[in-house]
Structures are given as structure tokens and as C-alpha cells.
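These notes concern the structure reproduced below.
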Amino acid sequence: MALHRRTLLTGAAALPFARPADDAAAQAAAQEAPRPPADRTDAGKPGADRPGADRPGADLEMLPLWPGPIPGGGGPEAGGAAFDESREGVIQRVAHPCLLVMRPPRPNGTAVLVAAGGGYRRIDIGHEGLPTAQWLVSLGITAFVLVYRLPGEGWGAGAEAPLQDVQRAMRLVRARALRYGYDAGRIGVIGYSAGGHLMGTAAVRFAARVYEPVDEDDALSARPDLAALIYPVITLRPPFDRTSSRRVLVGESPTRFATATYSVETHVRTQSTPTFLAQAADDPVAVVDNCLLMYGALRGADVPAEMHLFERGGHGFGLGVPGSPPAAWPGLFAAWGRRRGFIRA
């Protein structure tokens with residue numbers, strides 16, 4: 001079911017838009033199968049309004065990431081649009097990475113950057129990104145949905161392109177703290193599936209110099225202050241490497257160096273971001289070992305971490321089907337964030 005922009009703007013509950021998660025095999029097939037090409041629209045032109053009322057989040061403010069040439073060049077033909085988006089909120093052909101901004105009426109001083117999943121082949125903002133932003137806004141949190149480059153779409157930066165985008169996004173969000181009404185030291189990230197891999201990478205490789213500074217905003221830190229990784233892809237190393245994310249990022253026959261470079265757990269250090277993990281034990285796509293490996297790495301480095309594993313739920317449950325075990329994770333994350341002083345009433 002598509003999430004219509006009127007639902008976003010009127011503050012209706014996001015939970016009913018989560019997909020059922022009872023059939024693990026069906027979820028695995030749906031995750032790995034290619035989606036039909038998204039419709040080309042005029043939505044998302046840099047510096048312009050986003051027409052197209054049938055596209056989720058069409059009325060949201062859009063903030064382009066890069067003021068000039070994109071690092072490394074390349075990418076899909078722009079055709080005047082920032083990206084292609086289907087009526088279900090599935091994004092492909094990202095020509096101009098950007099942030100979609102959702103602001104609460106009473107900001108509580110916290111901001112969160114959200115990355116939806118899609119195996120680095122697409123970005124499912126309709127199911128994961130926008131409902132999560134809406135839920136955050138209900139807590140008084142300013143939300144930014146990240147539309148990041150997909151490595152397989154011809155970018156010169158290759159597998160580094162999404163990391164360039166998330167680092168740049170973190171710096172832009174930090175630079176706009178005063179303007180948008182939140183604390184520059186209370187900026188977190190939430191990522192799902194491949195978006196969990198991206199936000200996990202942001203939480204551990206924030207100091208990596210992956211692009212040359214383009215303006216004064218790039219002098220700011222790219223380190224998130226808190227991270228939530230939900231059914232994330234963490235490792236690309238065998239035997240847990242049967243994911244679309246691994247194939248897109250490092251290919252069918254990667255070297256050990258490549259798989260280690262793009263495996264999140266190998267980069268955890270004492271300075272890494274405090275992290276919340278949630279996953280279902282019957283996940284057939286990003287198997288539960290991903291969260292276990294990440295939690296072990298965080299614990300070994302003395303990085304604060306909280307992990308919740310649910311017996312059932314499969315992959316792609318988003319905010320959770322009401323009444324299902326995974327539906328508890330948003331409340332658990334909010335409680336953890338409050339205990340850490342990240343979320344304030």
C-alpha cells in the first residue's frame with residue numbers, strides 16, 4: 001500500500017503501512033527480485049518544487065547534497081529530475097542525491113537521518129523511509145530521509161558513492177542545526193537493510209576522507225551521535241555474504257580486502273557511535289548473524305550498544321506490523337534514546 005503525501009502531512013499513524021512478515025521465503029524472494037522500473041517524473045529537481053501528487057512525500061522540502069559536480073562524476077542521465085520514483089515510493093536512477101525534510105511543529109532538539117533499504121539497487125522510502133520520518137516527527141524529532149546514490153548506476157566513485165553521500169548529509173544536517181531548531185550534538189541515524197549497512201558504515205567510518213571538501217560545511221564532523229540499525233546488512237564476508245548488497249558493492253568474486261573494507265564490523269573502534277540493533281531471528285535475507293557480529297564488535301570495543309532479537313518477523317518489517325514482536329522496536333529505541341539523553345520530551 002502506497003503512503004500518500006496527505007497521510008504524511010496530516011500525521012496519521014505510520015504503523016499500518018508495514019508489510020506482513022509471516023512468510024520468510026516470500027520475503028527473501030521479494031527482496032532479491034528486481035522491481036519494475038520506476039516512473040520518470042519531474043519530482044525532486046534541485047532547487048525546485050516536486051510536483052506529482054501521486055508520489056509519496058512529494059510536498060516535502062528537498063535539500064540537494066552537492067552544490068556543484070558530484071564527487072567522481074558519472075551516474076544515470078538526469079533528464080531534469082533528481083531521481084525516478086514509483087507510486088509506491090520506490091526510488092531508482094538517482095541523479096542528484098538529496099535529503100527530504102520533515103519538521104515537527106514543536107522540535108525537541110533532536111534530528112535523525114533515515115536511510116531506507118533496497119539492496120543498493122533501489123531505495124524504498126514509501127515503506128521504510130517516510131513512515132519512519134513521520135514517526136520521528138510525532139516524537140518532536142526533525143527527520144531527514146536520505147536519497148543516496150546507488151553504486152550500480154554508473155557512478156565514478158563506485159561503492160564509495162553512498163558513503164560520500166551520507167557523510168555529506170551528516171555535515172549538512174549539522175550545519176543547519178540552528179536554522180531547523182535542533183542541537184548539533186544530537187543528530188542520529190536510522191537505517192534499514194542496505195540502508196542499515198550504509199548507516200552502520202557512517203557510524204564507524206565517519207573519519208574516512210572519501211571526498212574533497214566542497215564548502216565550509218565539510219569542516220564539520222560526519223559522526224552520528226546515535227545509530228539504530230534495523231535488520232541491517234553488516235558483513236559481506238562468507239558465509240553471510242548472500243545478499244544483493246554484497247553483489248552490488250564488491251561483485252561476485254571479491255577479494256578478502258574488498259569484503260573486509262565494506263564489512264561494517266571490521267571498522268568498529270572505541271570512538272564508534274553508540275548503536276541500537278533490532279532484527280528477527282528468522283530473517284532470510286540479512287541473517288541474524290549480522291546483528292550478532294556487530295554487537296560483538298561493539299562490545300569488544302566498549303561502545304555502548306543495545307540489541308533486540310525477535311523470534312519471528314522475517315525481513316523488511318519496517319516499523320513493525322501492529323501486534324507482531326518487531327513492532328516493539330520503535331518504543332524500545334525511543335526509551336534507549338531517552339536514557340542516553342539523545343531524545344528529550
Are the charged groups of [X] and [Y] less than 4.0 angstrom apart, N to O?
X: D217; Y: R176; answer: yes
X: E306; Y: R339; answer: yes
X: R122; Y: D84; answer: no
X: D225; Y: R174; answer: yes
X: R246; Y: E252; answer: yes

Flag side-chain contact, heavy atom, 4.5 Å: [X] against [Y]:
X: W155; Y: I70; answer: yes
X: M307; Y: M294; answer: no
X: W66; Y: D165; answer: yes
X: Y182; Y: V173; answer: yes
X: L65; Y: L99; answer: yes
X: E160; Y: Y211; answer: no
X: W336; Y: P274; answer: yes
X: L319; Y: T132; answer: yes

Please say yes or no: joined through hydrophobic side-chain contacts below 4.5 Å, possibly via intermediate residues, are [X] and [Y] part of one cluster?
X: V210; Y: F206; value: no
X: V288; Y: L236; value: yes
X: L292; Y: V204; value: yes
X: I230; Y: V287; value: no
X: L172; Y: V214; value: yes

Shortest non-hydrogen contact from [X] toward [Y]:
X: P64; Y: C98; answer: CA-CB, 3.9 Å
X: T273; Y: A227; answer: CG2-N, 3.7 Å
X: V145; Y: G129; answer: CG2-O, 3.7 Å
X: A208; Y: Q167; answer: O-NE2, 3.0 Å
X: A258; Y: P254; answer: CB-CB, 4.4 Å
X: I234; Y: N290; answer: N-OD1, 2.8 Å

What orientation do Y192 and W329 show, parallel under 30°, tilted 30 to 60°, or perpendicular over 60°?
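Rings of Y192 and W329: perpendicular, over 60°.
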Please work out whether the ring planes of H308 and F276 are parallel, tilted or perpendicular, with thresholds of 30° and 60°.
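Because their plane-to-plane angle lies in the 30° to 60° range, the rings of H308 and F276 count as tilted.
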Gap between atom [atom2] of [Y] and atom [atom1] of [X] - 0.5 Å precision:
X: I187; Y: T142; atom1: CD1; atom2: OG1; result: 10.0 Å
X: E61; Y: R103; atom1: CD; atom2: CZ; result: 6.5 Å
X: L226; Y: R340; atom1: CG; atom2: CZ; result: 6.5 Å
X: L198; Y: S193; atom1: CG; atom2: OG; result: 11.5 Å
X: C291; Y: Y231; atom1: SG; atom2: OH; result: 11.5 Å
X: L309; Y: Q279; atom1: CG; atom2: CD; result: 7.0 Å

If you apply the rule ring-ring contact (aromatic ring centres under 6.0 Å, His included), what do you find for F144 with Y180, and how did you get there?
CA-CA 11 Å; F144 297 84; Y180 283 86; 5.7 Å; yes
Applying salt bridge (charged side-chain N to carboxylate O under 4.0 Å, His left out) to D218 and R209, what does each step give before you reach the verdict?
CA-CA 11 Å; D218 284 326; R209 188 182 177 96; over 6 Å; no
Checking the side chain of [X] only, and the main-chain atoms of [Y] only, is there a donor and an acceptor separated by less than 3.5 Å?
X: E128; Y: G117; answer: yes
X: D282; Y: G313; answer: yes
X: Y148; Y: A116; answer: yes

Pair R186-T110, side-chain donor/acceptor within less than 3.5 Å
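There is such a pair (donor and acceptor under 3.5 Å, judged by atom type) between the side chains of R186 and T110.
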Going by atom types only, do Y295 and E265 share a side-chain donor-acceptor pair under 3.5 Å?
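Judged by distance alone, the side chains do not pair up.
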Does the ring center of Y120 lie less than 6.0 Å from the ring center of H197?
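So the answer is yes for these two rings.
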Please say which of I141, V114, I190 ends up in a side-chain contact (heavy atoms from CB on, under 4.5 Å) with W135.
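Looking at I141, V114, I190, the match for W135 under the side-chain contact (heavy atoms from CB on, under 4.5 Å) is I190.
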